[in-house]
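Just so it is clear, the structure is predicted and the values come from calculations on it, not from any experiment. In the text below, chain A, chain B and the rest are named by the order of the sequence lines, each starting its count at 1.
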There are 2 protein chains.
Amino acid sequence: MHSVIVENYIKTIYQLENLEGRATTSLLSEKMQVSPATATDMMKRLADEGIVRHEPYRGVRLTGRGKKHALKIIRRHRLWELFLVQVLDFEWHEIHEEAELLEHCTSEKLEARLDEYLGHPTVDPHGHAIPNSNGEIPNIEYIPLASANPGDTVRLRRVNDDSSDVLQYLSQLGIELGSDLAIVEKIAFDGTMRVRVDGGEQFISEKLANHLFGELMKGGA
Amino acid sequence: MHSVIVENYIKTIYQLENLEGRATTSLLSEKMQVSPATATDMMKRLADEGIVRHEPYRGVRLTGRGKKHALKIIRRHRLWELFLVQVLDFEWHEIHEEAELLEHCTSEKLEARLDEYLGHPTVDPHGHAIPNSNGEIPNIEYIPLASANPGDTVRLRRVNDDSSDVLQYLSQLGIELGSDLAIVEKIAFDGTMRVRVDGGEQFISEKLANHLFGELMKGGA
DNA sequence: CTGATTATTTAGAGTCATCTAAATATTGAC
DNA sequence: GTCAATATTTAGATGACTCTAAATAATCAG
Ligand SMILES: [Mn+2]
Ligand SMILES: [Mn+2]
Ligand SMILES: [Mn+2]
Ligand SMILES: [Mn+2]
């Protein structure tokens, strides 16, 4: 089995690949908070193990096996997040760091029991899809809030940000998964949005709006 | 914070100290499955950190701080064991190895939530006392089954053995915490006991009987 | 297309946890 | 009490993961 450290590299490579097409030395070194030299070493090591394919000077991509590894870890992460919220009454901003640790000490059996206890869930508390036990993950298409226009209403389905601060801030604004965000105004200057949520009005920066995903509701209400 | 490895040394030293008065190089190296040289190194390192007091050539004893560390880890271990049984429906022989991992990835908050969810429990599924959040652990006195005599009945309260095999074997014999074991006969030759449990009769070796603890019931039934 | 900038890799070294082999201290048999 | 057997420590070395500094490759501006 792999060390916690190696598992974290694999997961990070998966995320970078999804986000940027592939994991380059500099992206990986930044995400993992290590020097570029260290990232290069690890990429070569994972290539030797058949977890990634390495094209020198242009980064790595996961092999099929590598993808399976990554999805297993992500599955465990998301099952734990959901478990912490549903069973132990954690808030959605308190769970990511816990799951970052728990994902590495989860046996097959424990994973299966969590999954069963939770009723084979398909999304975690942030709206991220939970890969199934075969490592298959559905690709549900939502639109970023930032792409919607005044008059539109977006039902929030996913928050693409793990930072505790952002999630806590959203809670403060009364925004959670399932909330309907009615766009009142989009300020041309900086893209900030004025939205109505549960009767109140809130401002959402363009940066934040790019991390909020949901469905466009017909008829604007 | 300490690495998983160091936490395991601390916990093992605690257990050896309870069992043998103190942790010697050879005992520690055996329990930790490392060479004596490695055990010596770690004892010196922990001494430098103020976790243990080291008398060269005669082993280590935990300091007050060291004891607190150990009890924290043991608390987490036992909370997890209970959680796995009560919530996720594990059997008592399946939980120790899981808890060996989970005990090292448990935040203060997670520990508190587990404790709360379980209703501030005082014993784990093997009958071991769970230290409270101040690191206090009650010392409940039970007698080993091996010390009882024909005619006595012992109500099982604790199994001092983490091995999955032993626990599974006891389950097979229909023996669990709370079971009343009525000693029918003690074979002089090797100390094997014939006991009546739930109507049936079972043989229990002296070695096993020394790992089973309970209360002597008045009146023999 | 060339030179400068930026990204990546290589070289050399350090820490942590481990080992084996050798040196030293303690214990126990006579 | 002496000496052999046993336990412990010391010395020197290794693998995993990390670093900084130097070398090299890729990219981009003009
Ligand atoms: Mn997360
Ligand atoms: Mn999540
Ligand atoms: Mn246990
Ligand atoms: Mn236990």
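- Looking at the side chain of B/Ser35, the nearest of the listed nucleotides D/dC19, C/dT20, C/dT18 is C/dT20.
- Heavy atoms of A/Val6 sit under 4.0 angstrom from primed sugar atoms or phosphate atoms, though from no base atom.
- The side-chain heavy atoms of B/Phe90 and A/Lys109, taken from C-beta on, include a pair separated by under 4.5 Å.
- In this structure, B/Ile5 places its CD1 atom 13 Å from C1' of C/dT15, rounding to the nearest Å.
- For the pair A/Tyr9 OH and D/dA16 P, the computed distance is 14 Å after rounding to whole Å.
- A side chain to side chain donor-acceptor pair (under 3.5 Å) with A/Glu103 is found for one member of A/Lys11, A/Lys72, A/Arg75 and no other, namely A/Lys11.
- Here B/His96 and B/His77 bring their ring centres to under 6.0 angstrom of each other.
- If you measure from atom NE2 of B/His2 to atom P of C/dC16, you get 12 Å, rounded to the nearest angstrom.
- In this structure, the ring of B/His69 has its center less than 6.0 angstrom from the ring center of B/His2.
- Taking the side chain as every heavy atom from C-beta outward, B/Ser29 and B/Thr38 never approach each other to under 4.5 Å.
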Legend entry - Contact letters for nucleotides 5-10 of chain D, in which S counts primed atoms plus P, OP1 and OP2 and B counts the base, heavy atoms under 4.0 Å: --SSBB
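- Just one residue in the list B/Val4, B/Ile10, B/Val6, B/Ile5 forms a side-chain contact (heavy atoms from CB on, under 4.5 Å) with B/Asn8, and that residue is B/Val4.
- Rounded to a whole Å, the CE atom of B/Met42 is 8 Å from the C1' atom of C/dC16.
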